[in-house]
Participant: 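Sharing a structure below in structure tokens format, with a few things to ask.
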Amino acid sequence: MRARCERASQDAAERATPAVGESPSEMIQARAMLEGSVVMLASARVTPQHLERVRAALESMRQDGRSGRTQIENDRRFHMAIAEMTGNSVLVRLVGELFDGRHSPISSRMSERTEDSQAWKAAFAEHEAIYRALEARDPQVAVAAMLHHLSVSHARRTQESALPAAD
């Protein structure tokens with residue numbers, strides 16, 4: 001029994017670790033394909049309770065931004081709350097795994113250089129647009145807002161990471 005539990009834990013860790021060769025561009029493409037569909041389905045299944053969870057993550061991002069704290073956990077909560085709206089546990093798991101793929105060695109180095117207060121301000125505005133589309137139960141606007149967010153987020157990370165580090 002113990003060996004089975006240890007193996008299951010190891011399997012979960014391996015699934016959460018991006019495979020060698022997975023580039024940040026591949027990760028964002030996968031996220032865009034998945035989260036675009038997720039937000040479309042979520043917009044059809046919105047409840048007041050779901051919206052409250054998304055809004056709470058958004059409000060926590062606002063508070064952390066004002067106090068200068070890192071916003072990554074609230075960013076994850078925001079994306080996961082949207083995935084949970086679908087009622088599909090597989091989609092929730094996949095969104096979490098792809099989000100966590102940001103923590104690969106390459107992505108982590110990119111994040112260290114580019115995730116400053118201006119980047120988080122922009123991400124917050126993008127998240128607000130997604131929230132408003134969900135609140136309006138407008139799947140087309142929700143998908144467009146999600147795809148825009150993922151695209152410009154990736155652009156912020158890759159454009160600035162190509163610059164040499166300041167000494």
Participant: With a 4.5 Å heavy-atom cut-off, do L150 and E126 have their side chains touching?
Facilitator: no
Participant: Begin with the C-alpha distance, continue with both residues' side-chain angles, and end with the deciding distance and a verdict on side-chain contact (heavy atoms from CB on, under 4.5 Å) for M61 and E128.
Facilitator: CA-CA 11 Å; M61 282 185 78; E128 279 188 314; over 6 Å; no
Participant: Within the distance-only criterion (no hydrogens, no angle test), does the side chain of S151 pair as donor or acceptor with the backbone N or O of L147 below 3.5 angstrom?
Facilitator: no
Participant: Using 0.5 Å steps for rounding, measure from the CG atom of L58 to the CZ atom of R53.
Facilitator: 15.0 Å
Participant: Going from NE2 on H50 to OG on S43, what distance comes out if it is rounded to the nearest 0.5 angstrom?
Facilitator: 12.5 Å
Participant: Using side-chain heavy atoms (C-beta onward) and a distance below 4.5 Å, is E35 in contact with L98?
Facilitator: no
Participant: Give the C-alpha distance, both sets of side-chain angles, the deciding distance and a yes or no for side-chain contact (heavy atoms from CB on, under 4.5 Å) between W120 and I72.
Facilitator: CA-CA 9 Å; W120 281 115; I72 193 73; 4.2 Å; yes
Participant: Tell me whether the rings of H79 and H127 are parallel (<30°), tilted (30 to 60°) or perpendicular (>60°).
Facilitator: perpendicular
Participant: With a 4.5 Å cut-off on side-chain heavy atoms, are V38 and L94 touching?
Facilitator: no
Participant: Hey, what do you get for CZ (F99) to CE (M27), rounding to the nearest 0.5 Å?
Facilitator: 11.0 Å
Participant: Go through it in stages, so that I can follow the logic: the residues are V90 and R93, the test is side-chain contact (heavy atoms from CB on, under 4.5 Å), and I'd like the CA-CA distance, side-chain angles, deciding distance and then a yes or no.
Facilitator: CA-CA 5 Å; V90 175; R93 178 178 52 80; 3.9 Å; yes
Participant: Tell me, do Y131 and I82 make a side-chain contact under 4.5 Å, heavy atoms counted?
Facilitator: no
Participant: Residues two or more places apart in sequence or in another chain: which of them pass side-chain contact (heavy atoms from CB on, under 4.5 Å) with R77?
Facilitator: A56, A57, S60, E73, N74
Participant: Sequence neighbours excluded and cut-off under 3.5 Å, please list the side-chain donor-acceptor pairs for residues 134-143, or say none.
Facilitator:
residue	atom	partner	partner atom	Å
R137	NH1	E135	O	3.1
D138	OD1	Q140	N	3.2
D138	OD1	V141	N	3.2

Participant: Distance from M85 atom CE to T47 atom OG1, nearest 0.5 Å?
Facilitator: 6.5 Å
Participant: Rounded at 0.5 Å granularity, tell me how far OG in S67 sits from CZ in R62.
Facilitator: 13.0 Å
